[in-house]
Amino acid sequence: MAATVFHFGLWSNVRVKAKRLFFASGVRELRACRWREGSTLTSSAARRMFIEFFKERHGHRVVPSAPVRPRGDPSLLFVNAGMNQFKPIFLGTVDPRSEMARYRRVVNSQKCVRAGGKHNDLDDVGRDVYHHTFFEMLGNWSFGDYFKEEACAMAWQLLTGSYGIPRDRLYVSYFGGDRTLGLEADEETREIWLNIGVQPNRILPFGMKDNFWEMGETGPCGPCTEIHYDHVGGRDVAHLVNSDSSDVVEIWNLVFMQYSREADGSLRALHQHSVDTGMGLERLVAVLQGKRSNYDTDLFTPLFSAIQQVCYRGCGKGMMDGKVVPTVKFGFHILTESLNHNAYPCVCVYRLVLRHILRRAVRFSTEVLKSTPGSLSKLVPTVVHILSGIANDEGLSQFLSSLKQGRRVIDRTLQNMNGSTVFPGSVAWSLHCHLGFPLDLLRLMVEEKGVAMDTEALDRLALENKKVRAQTQASEHDSCVDLDVKVLPELQGLGITYTNDLPKYQYSLGQDGRYVFLPCHATIQALICGQGLVPEVEKGQRCGVIFDKTCFYTEQGGQDHDQGYFTQEILPDVLFPVEQVHLVGGYVVHQVTATERLKRGDQVQLFLDERSLSIQQLQEIEKMIRDIIEGNEPVYIEELPLKVAKGIPGLRTVDEVYPDPARVVSVGVPIADLLKGHNNKPASVELCCGTHLLMTGEIQDFVVVSERQIAKGVSRIVAVTGAQAKEAREAGRVLECEVDSLRVRLTAASPSLPGIHRLSKEAGLLIDAVENTAIPQWQRRELSNQLKSLQRSSNTMIRKLEIAEVQCHHNRPPHSNDSSSVVMKTVNQYSDQAPGVMVMLLSHQESGKVLCACQVPKGFSAFSANDWALAVCAHLGGNAGGSDTVAKGTGSAVDIAEAIQWARNFAEGRMQQR
């Protein structure tokens, strides 16, 4: 094929005319790539050609790749597609004042990680030649600009024109519809491909699985059309499209964003149609360089060379020979680990996944490639050279120890299975919980021995674990505010202006060291409950409140939202605590549970709270101190002239008179270095006349057991060390076990009122124990939150059971197991049904005890409820108390009929005396 220069245009959707519409002249032309087997076009050149095609030819704005750790999107662990950073545009929640709100046509190359969630390629890596956990996604987007026709034309022009890929090696697929969801086939896209010139036998329909793209469990989605490439050519292999063939692979996916997948599984139409396309750079380069495997391109070969040098020097055959599959997995997993933007493997949700990936790499390195511990770090320079990242092998030695121990457990279990081909799920779950083994790594290790995992048992154990924790997680993540594509247009249609949040910056530092915020008076512009706007909310309802202005900082930019409350001007003594604050589409939404009725137009005043340290901050403080202890840093002590000492950078002093010369204490850094300014690391240095340990390691351990805020941004911390710290941790573990036990028993408890009362009382006792026992403060906060949630649940169960018993009282006499509250509620119910009537109920218990409750009409002068209950209970040898209208008490009797007659006689006698 000769090299040519192409003019690129758009075809109309009228197939007969097939008219070509050319763009304005003066745009720089792109030279077509001469396609051939074994092309020398580099990956950098392929990427550059893609960007320039859309930028120069079609007026797209170039946007940088977003960090692979999503910002402000809790629904994703990692950026798994190029469109993630544009999600607010698709949902219509983008801040209209932001630069993103002006995007119409965009192009970029996005670094992606697919190692968890809906799009997880972790288990496919190494099993084929075109899946990766880390990859680059080339993409172009239209936000309410062009749609299907133009997107398909541009893609075809780039592939067959600029890149010069033969048309007879390409197939296209489109969405064939889904009757169960009421979605019709995308015949419009099929007609577009026919108009472009694609042969009918190469245009193939597929269902939801292959041609309806969804970013996650919820969020933007829509039908898509894919372009597939046949690595062999010269044949008709339509049947291999979407069949997991390594010879016919998808290279470009064009998604037409029309819907949003809601939490209930339904599809909601987006406010505007958009285009989201994605083409894996690795697959494109394999096509352009004439390689059947992505791993044989210049994106991977430098790294594999480094792996062979440090791990498997004897591998010289081909990327898919011998031990290549583990090698590929190992190599690319560490590549993924190395490239994440400052996302090191440690204990938090997304970083656990990174540690998981790194551990798989370590396992392949040591057990399959027989490398020595530490070999992974030798690959870092190569990875840095390829994509300028970093790797961290923190905790590697601990994992190697766990791997060795786990391998012994696995081998011993396999030996004792007596010919069984199913590995026990209980053993796998124990390894997962106690040694931190990822379950898929365990599955892989036993499969290598020809044994299957007992997935049914694993699923059951995981489900049980999930149920135990579900209640707490539900309370932590519960939110009724859903400001989405439906509500935003309503707000704008009502002319509600965006929230003015400039008052959040209007504060100063007072003379007493406290921050002073100016008063913020505001008006309620809108109330959101569920998925719609409401004119007012009643007491107890959770809702989102939008004011015309606010002094609250919203959760964004890595900073948590402010905490505080607001009051109505007509009810200044009633506080409305603000639970969450979010910025959505230019509106600041304050989530509250209404303590009184709220309505649109109410005048309020907003107040900010002083805040204590969060659980995460307390954990970080403990970790920082323990790191210093484990470092066993020396403590340097030296006397210096006071004037000289006060010149040391970072010197900590308190408001008191120091002797001259003064005693300077420095942890980890010689005082001479501090005086010379040669210190390049953080140092703890102070003036102190007290006695000090000579090495930090002698502290042994450190636990924060108390913390409270004494001024804005200033917290007083009480901590214990050494043996006391270990005792505090053990006490925390004991209480944690007791809370877990209570949760399990409450979840599995039979629905009996006495039983739930006992568990509720136990929760109260545990709350007191947690508050008054020396345990880690962060754990105290966690356990307190869990216990309060359990107590709320038990109280709800008690109320439901009491209501059920009250309803039963209508149809039966008092029961021997009634509680005083049930008896009282039954009296209330009878009184509501017969206003003006005096009611007394006596419940005879099995023990002989009598529960008494009564109610008399308001304003009744013959006797009060208190007089009546007190007289009856005194007659029964007990006591009672209450008010003029209601009262209750207890006594004891053998003959309940006699007690009832006595109570009736007392009432009738008093009425006759009136």
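Side-chain atoms are counted along with the backbone in the values below, which use heavy atoms only and exclude waters and symmetry mates. Sequence positions, counted from 1, serve as the residue numbers for this chain.
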Discussion item. Applying side-chain contact (heavy atoms from CB on, under 4.5 Å) to L159 and I251, what does each step give before you reach the verdict?
Written reply: CA-CA 10 Å; L159 293 179; I251 58 173; 4.2 Å; yes
Worksheet, complete the sentence: Heavy-atom closest pair (A155 atom, I227 atom, distance to 0.1 Å) is CB-CD1, 4.0 Å
Discussion item. Is it the case that the side chain of Y174 and the backbone of E188 share a donor-acceptor pair, with hydrogens and angles ignored and the cut-off at 3.5 Å?
Written reply: no
Fill in: For D145, the option from R105, R104, H273, Q272 that meets side chain to side chain donor-acceptor pair (under 3.5 Å)
R105
Fill in: 4.5 Å side-chain heavy-atom contact, F50 and S109
no
Worksheet item: Considering only heavy atoms from C-beta outward, does the side chain of L181 approach that of F212 to under 4.5 Å?
Response: no
Worksheet item: Just wondering, do Q110 and N84 contact through their side chains at under 4.5 Å, heavy atoms?
Response: no
Item to complete: Check for a donor-acceptor pair, side chain of S266 on one end and backbone N or O of E262 on the other, with a separation under 3.5 Å.
Response: no
Worksheet item: Minimum heavy-atom separation for S162 to F53, with atom names?
Response: OG-CD1, 3.9 Å
Item to complete: Give a yes or no answer on whether the side chain of S173 reaches the backbone of T225 with a donor-acceptor pair at less than 3.5 Å.
Response: no
Item to complete: Kindly indicate, with the supporting measurements, whether the criterion side chain to side chain donor-acceptor pair (under 3.5 Å) is fulfilled by S43 and D298.
Response: CA-CA 7 Å; S43 56; D298 64 348; 3.2 Å; yes
Practice prompt. Using a 4.5 Å cut-off on heavy atoms from C-beta on, say whether the side chain of V287 contacts that of Y163.
Written response: no
Practice prompt. Any chance you could measure M279, atom CE, to E250, atom CD, to the nearest 0.5 Å?
Written response: 11.0 Å
Fill in: Verdict with reasoning, R167 to W156, per side-chain contact (heavy atoms from CB on, under 4.5 Å)
CA-CA 9 Å; R167 298 186 178 200; W156 197 254; 3.5 Å; yes
Worksheet entry | CG on L138 to CZ on F54, rounded to 0.5 Å | 9.5 Å
Fill in: Where N108 and P64 come nearest, the two heavy atoms and their spacing
ND2-O, 3.6 Å
Worksheet item: Is the backbone of D247 close enough, under 3.5 Å, to the side chain of R292 for a donor and an acceptor to pair up by distance?
Response: no
Item to complete: For K148 and D186, run side-chain contact (heavy atoms from CB on, under 4.5 Å): C-alpha distance rounded to whole Å, both residues' side-chain angles, the deciding distance at 0.1 Å, then the answer.
Response: CA-CA 10 Å; K148 296 180 180 179; D186 189 4; 2.9 Å; yes
Practice prompt. Determine yes or no for a side-chain-to-main-chain donor-acceptor pair under 3.5 angstrom, with S65 supplying the side chain and K111 the backbone.
Written response: yes
Worksheet item: Under the side-chain contact (heavy atoms from CB on, under 4.5 Å) criterion, do I196 and W193 qualify, and how do the steps go?
Response: CA-CA 5 Å; I196 288 175; W193 286 120; 3.9 Å; yes
Worksheet item: How about L183 and L267: do any of their side-chain heavy atoms sit closer than 4.5 Å?
Response: yes
Practice prompt. Please indicate whether E184 has more than 12 foreign heavy atoms, meaning atoms of other residues, nucleotides or ligands, lying under 6.0 Å from its CD.
Written response: no
Worksheet item: Which heavy atom in S274 sits nearest to a heavy atom in F147, and how many Å separate them?
Response: O-CE1, 3.3 Å
Practice prompt. Find the distance between CG (D276) and CE (M83) and round it off to the nearest 0.5 Å.
Written response: 5.5 Å
Worksheet item: Are V63 and Q85 side-chain neighbours, meaning at least one heavy-atom pair lies under 4.5 Å?
Response: yes
Worksheet entry | Donor-acceptor contact present, side-chain R283 to main-chain N294, <3.5 Å | no
Worksheet entry | N/O donor-acceptor pair under 3.5 Å between E282 side chain and E136 backbone | yes
Practice prompt. Answer yes or no: is there a side-chain heavy-atom contact under 4.5 Å between Y103 and I89?
Written response: yes
Discussion item. Are the side chains of D236 and Y171 in contact, using a 4.5 Å heavy-atom criterion?
Written reply: yes
Worksheet entry | Separation of F175 CZ from E226 CD (nearest 0.5 Å) | 12.5 Å
Response to the item:
Scanning both residues in full, the closest heavy-atom pair of Q289 with L41 reads NE2-O, 2.9 Å
Worksheet item: How are the rings of Y146 and H60 set to each other: parallel, tilted or perpendicular (split at 30° and 60°)?
Response: tilted
Worksheet entry | Donor-acceptor contact below 3.5 Å, side chain T277 vs main chain N140 | yes
Practice prompt. Find the distance between CZ (F256) and OG1 (T189) and round it off to the nearest 0.5 Å.
Written response: 4.5 Å
Item to complete: Could you grab the distance from atom CG of D230 to atom CG of D168, nearest 0.5 Å is fine?
Response: 9.0 Å
Fill in: Heavy atoms from other residues, nucleotides or ligands near CZ of R179 exceed 12 (cutoff 6.0 Å)
no
Worksheet item: Using the benzene-type ring in the case of Trp, are the ring centres of F86 and W141 under 6.0 Å apart?
Response: yes
Worksheet item: Taking all non-hydrogen atoms of both residues, which atom of G278 and which atom of W252 are closest, and how far apart?
Response: O-CD1, 3.2 Å
